[in-house]
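Step one of this worksheet: look at the structure below.
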Amino acid sequence: MLGSRWDLLPRVFAPVHTDSTELFTQWLPFPVGGSFLEVGCGAGVTAVTAAMAGCERVTASDISSDAVVNAGLNAARHGVADRVRVQRSDLFDALEPGERFDLVFWNSNVVWAPEDFVYSRQVQYAIFDRDYAAHQRYLCQGLARLTGVGRLFLGFNSLGDAGRLDSLASQAGVRVIERRCEARRAGDVAVTFRLLEITGMHDRRTV
Ligand SMILES: C[S@@+](CC[C@H](N)C(=O)[O-])C[C@H]1O[C@@H](n2cnc3c(N)ncnc32)[C@H](O)[C@@H]1O
């Protein structure tokens, strides 16, 4: 993928089944010399590519311990373990209070699950977000993790509930701007992948 070979452990989101990882990794504006936080890093393809592209400080975090191990393997495989920190975290919870990044991104678990859904396997976090609670927290807490020049992105797709996302964004007082969009297929299913930027309601950077 992306011209490189990658380790992929069992029970980790497999970036080969849809084009999401590849597209978002190609679309993101990695800050050369700057800092990048990948929330929900999975196998770490995006985080490691960012480090290889010149990001100086990369944090790759995931709620799944298997994913954290996998991202560490890929950082080592590509010789960037010195600048990719891997950590287990539920969204921003494991970060130090003052930590800020020039770019924050999550290729999220877009499929809405009902409030009584029970996660029985770690890999289910890659697909389902119970009551969109994690999306709500990402929208509410993400901007506070940015440096002065920082940008906050969400990788979304048409298998998710865009109406629900928009309504959570208005409740959070943030704006969602589509930066890139492409229709592809995932097996037999047509999926449109969307790179969304989250900004403050009065942020003038709308183009
Ligand atoms: C669609 S997968 C994307 C994986 C990887 N970024 C990629 O593009 O190949 C979503 C990832 O988000 C992680 N995730 C889900 N909920 C999370 C949460 N609350 N905090 C951190 N990571 C989470 C999942 O474990 C999964 O690895």
Side-chain angles (χ1 to χ4, degrees), residues 1-2 4-28 30 36-51 55 58-75 77-78 84-95 99 101 103-113 117-142 145 152-161 165 168 180 182 184 186 189 191-196:
M1 174 170 287
L2 296 162
S4 296
R5 293 183 68 81
W6 303 89
D7 285 297
L8 178 62
L9 296 181
R11 300 183 299 277
V12 175
F13 176 80
V16 287
H17 294 319
T18 78
D19 294 336
S20 65
T21 308
E22 194 160 25
L23 283 176
F24 296 141
T25 303
Q26 287 168 336
W27 288 346
L28 282 168
F30 294 127
F36 173 48
L37 167 66
E38 186 182 13
V39 170
C41 61
V45 171
T46 305
V48 169
T49 302
C55 286
V58 176
T59 298
S61 72
D62 205 292
I63 200 166
S64 152
S65 52
D66 295 319
V68 173
V69 171
N70 201 154
L73 286 177
N74 279 318
R77 172 189 265 272
H78 292 290
V84 178
R85 171 182 63 162
V86 296
Q87 65 177 201
R88 188 171 189 189
S89 181
D90 183 353
L91 297 187
F92 307 105
D93 290 0
L95 296 174
E99 274 190 271
F101 302 86
L103 180 67
V104 175
F105 169 68
W106 183 25
N107 176 14
S108 67
N109 48 1
V110 298
V111 178
W112 178 87
F117 178 79
V118 177
Y119 294 92
S120 55
R121 288 173 293 140
Q122 283 198 96
V123 71
Q124 292 174 326
Y125 283 99
I127 313 290
F128 303 108
D129 184 14
R130 184 170 54 212
D131 203 27
Y132 262 25
H135 281 82
Q136 182 196 27
R137 282 189 296 133
Y138 190 77
L139 294 172
C140 290
Q141 299 172 7
R145 289 297 175 177
L152 176 66
F153 286 89
L154 178 69
F156 203 71
N157 68 60
S158 54
L159 302 176
D161 186 336
L165 184 74
L168 289 174
R180 297 289 298 257
E182 195 163 315
R184 294 278 182 103
V189 184
V191 183
T192 300
F193 296 100
R194 304 170 66 206
L195 181 64
L196 306 175

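Order of listing sets the numbers, starting from 1, for every ligand and every atom in it.
Contacts between S20 and ligand 1, counted as non-hydrogen atom pairs separated by less than 4.0 Å, are absent for every part of the residue. At a heavy-atom distance under 4.0 Å, only backbone atoms of C41 (N, CA, C or O) approach ligand 1. Of the heavy atoms in E38, only side-chain atoms (C-beta onward) come closer than 4.0 Å to ligand 1. Of all the heavy atoms of S89, the ones lying under 4.0 Å from any atom of ligand 1 belong exclusively to the backbone.
Ligand 1 has a nitrogen or oxygen under 3.5 angstrom from a nitrogen or oxygen of G40. The shortest N or O to N or O distance between L91 and ligand 1 is under 3.5 Å. Checking only distances, I63 does come within under 3.5 Å of ligand 1, N or O to N or O.
A salt bridge does not link D62 with R88: every distance from a Lys NZ or Arg NE/NH1/NH2 to an Asp or Glu carboxylate oxygen is 4.0 Å or more. A salt bridge does not link E22 with R184: none of the charged nitrogens is closer than 4.0 Å to a carboxylate oxygen.
Looking only at heavy atoms of the protein, atom 7 (C) of ligand 1 is closest to T21 OG1, 3.2 Å. When hydrogens are left out, the protein atom nearest atom 15 (C) of ligand 1 is Y125 O, 3.0 Å; that is the closest non-hydrogen contact.
Of the inter-residue distances, the one linking T49 atom OG1 with F36 atom CZ reads 9.0 Å to the nearest 0.5 angstrom.
Side-chain atoms of T25 and T46 form a donor-acceptor pair, as typed in the model, at a separation below 3.5 Å. Looking only at atom types and distance, the side chain of E38 has no donor-acceptor partner in the side chain of T59 under 3.5 Å away.
Between L2 and Q26 the shortest side-chain heavy-atom distance falls below 4.5 Å.
Within the set V16, D93, N109, D90, the minimum heavy-atom distance to atom 18 (C) of ligand 1 is found for D90. Closest heavy-atom approach to atom 12 (O) of ligand 1 among the candidates F92, F24, F105, W106: W106. Between atom 24 (C) of ligand 1 and the options V123, D62, N107, the minimum heavy-atom separation is to D62.
Ring geometry, Y119 versus Y125: the interplanar angle falls under 30°, so the pair is classed parallel (tilted spans 30 to 60°). Ring planes of F92 and Y138: parallel class, angle under 30° (limits at 30 and 60°).
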Starting from the C-alpha separation in whole Å, work towards a yes-or-no answer on side chain to side chain contact (heavy atoms under 4.5 Å, CB included) for T18 and F193.
CA-CA 10 Å; T18 78; F193 296 100; 3.9 Å; yes
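Under a 4.0 Å criterion applied to the non-hydrogen atoms of G42, ligand 1 contributes the atoms 4 (C), 5 (C), 27 (O). In the vicinity of S108, heavy-atom distances shorter than 4.0 Å reach the ligand 1 atoms 1 (C).
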